[in-house]
**Q** 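Once you've had a glance at the structure underneath, I'll fire off some questions.
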Amino acid sequence: MTEKSRRQFIQLATAGTIGGAAGCSSVLPAESSTDSAQTDGTQTDRSGNEGGAVEGTVTDLTGDAIPDASITALVPGSGAVAEGTSDTQGQFDIQDLGGPAWLRVTASDFVPYTTASKPGNSYQVTLTPRAGVAALSFGGDMMFGRRFYEDDDPLEPHFKIPPAEYEAAHCSILQYISPLFQDADITSVNLETPLTTTSWCHPSKAYTFTSDPAAAEAMEQAGINYAALANNHAFDALTPGLDDTIQALDEAGIRSSGAGTSSSEAWDPTYIEIQGLTVGLISCATITGD
């Protein structure tokens, strides 16, 4: 394999991985013409036709129809591209999508719900009553220090963020998954990178990452309001990097726990009051394998 073809292969493979992880077009084509209703916004096979319409039903936890629910089709980079309302039977029909989209379903006195959709399919969305409920959403590792910043590896594809466009560029990266973050009262991610501009770097680690502090504001705008810091990259930029990270998160209004200037500080929970409930969050990780 030549140098050029190897680079092209890695770029294609990485692009496929990123697209799958983002999930913005992860709904598979229907394989059966038989309806098989499911809950929690999952797909119901209707036909193999990938037309421009998406249909479905909105119900509560007991299976009763929810009329007058608002359904908004969201496409990254375009925002809301279509809207609809469920009828007295809880049914909706969104036309002219033209491709995959997030469906955000909202109804008075219910927790919002977002699911991926693809034209030609039918969906049953189950909403949870709002009263006395705190909705929590948990994401996995989040970092911008790999693939999005420039480095000297000629085989690794990079999507460089110009320094003058840091805030807008970080928001652009997150737009593909931000609809999922915005339904919950508390959305948590594992921040697998310091947010810092310091030149300090861990002296003995084989892999260290840093991301720009501008990422914190973009995270908040995307709907993230808690960051877990107990992981094997939190100290990549040593104490200055950790201090900058906590400061950047604080300034963006994102709560955090799992790291600090002492063990007791790292173990301190973060408490968030939401919907009349108190939610406590701690962050811990096994670094050595013990």
Side-chain angles (χ1 to χ4, degrees), residues 15-130 133 135 137-139 171-185 187 221-223:
T17 302
I18 293 172
C24 56
S25 58
S26 61
V27 180
L28 300 176
E31 297 178 354
S32 170
S33 59
T34 303
D35 288 354
S36 55
Q38 301 177 40
T39 59
D40 299 327
T42 52
Q43 171 182 343
T44 301
D45 293 337
R46 186 168 67 91
S47 71
N49 179 20
E50 296 184 16
V54 167
E55 64 180 31
T57 305
V58 185
T59 65
D60 61 20
L61 295 178
T62 65
D64 292 336
I66 299 178
D68 298 322
S70 297
I71 298 90
T72 304
L74 303 166
V75 174
S78 300
V81 297
E83 295 180 338
T85 304
S86 62
D87 61 19
T88 56
Q89 303 300 313
Q91 297 177 351
F92 64 88
D93 189 353
I94 306 295
Q95 298 287 330
D96 301 324
L97 283 186
W102 293 112
L103 288 186
R104 189 166 196 262
V105 183
T106 61
S108 180
D109 300 324
F110 288 90
V111 178
Y113 188 88
T114 298
T115 185
S117 73
K118 185 177 182 180
N121 291 291
S122 180
Y123 300 85
Q124 180 169 325
V125 179
T126 303
L127 299 184
T128 301
R130 173 81 277 182
V133 171
S137 176
F138 293 89
C171 288
S172 179
I173 292 167
L174 291 173
Q175 70 178 330
Y176 298 96
I177 52 176
S178 61
L180 290 177
F181 294 153
Q182 295 167 358
D183 293 335
D185 300 309
T187 293
Q221 291 185 32

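None of the values given here were measured: they were computed from a predicted structure. Reckoned from all heavy atoms, side chains included, excluding hydrogens, waters and symmetry mates.
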**Q** Could you grab the distance from atom CD1 of I177 to atom CD of Q182, nearest 0.5 Å is fine?
**A** 11.0 Å

**Q** How long is the span from the CG atom in D87 to the CZ atom in F92, to the nearest 0.5 Å?
**A** 10.5 Å

**Q** Under 3.5 Å, is there a donor-acceptor pair between the side chain of W102 and the main chain of T72?
**A** no

**Q** Would a distance-only check, ignoring hydrogens and angles, find a side-chain to backbone donor-acceptor pair under 3.5 Å from D93 to E55?
**A** no

**Q** Taking L127 as the fixed residue, which of L61, I66, T59 is the one that meets the side chain to side chain contact (heavy atoms under 4.5 Å, CB included) rule?
**A** I66

**Q** Rounded to the nearest 0.5 Å, how far does OG of S108 lie from CZ of R130?
**A** 11.5 Å

**Q** Within the 4.5 Å heavy-atom criterion, are I94 and S117 side-chain neighbours or not?
**A** no

**Q** Among L103, N121, I71, exactly one meets side chain to side chain contact (heavy atoms under 4.5 Å, CB included) together with V54. Which residue is that?
**A** L103

**Q** Strictly distance-based, threshold 3.5 Å: is any side-chain N or O of T126 a donor or acceptor partner for the main-chain N or O of D60?
**A** no

**Q** Compare every heavy atom of L97 with every heavy atom of P119, then report the nearest pair and how far apart it is.
**A** CG-CB, 4.0 Å

**Q** Do any N or O atoms from the side chain of T128 and from the backbone of V111 form a donor-acceptor pair under 3.5 angstrom?
**A** no

**Q** Donor-acceptor pair, Q175 side chain versus G77 backbone, under 3.5 Å?
**A** yes

**Q** Which heavy atom of A65 sits nearest to which heavy atom of G90, and what is that distance?
**A** CB-N, 3.7 Å

**Q** Return the minimal non-hydrogen interatomic distance between L74 and P179, and the atom names on each side.
**A** CD1-CB, 4.2 Å

**Q** Answer yes or no: does atom CD of Q95 have more than 12 heavy-atom neighbours from other residues, nucleotides or ligands under 6.0 Å?
**A** yes

**Q** At their closest point, which heavy atom of P76 faces which heavy atom of Y176, and how far apart are they?
**A** CB-CD2, 3.4 Å

**Q** Should R104 and V125 count as side-chain neighbours, where that means a heavy-atom distance under 4.5 Å?
**A** no

**Q** Show the nearest heavy-atom pair for residues A184 and A135, with the distance to one decimal.
**A** CB-O, 3.4 Å

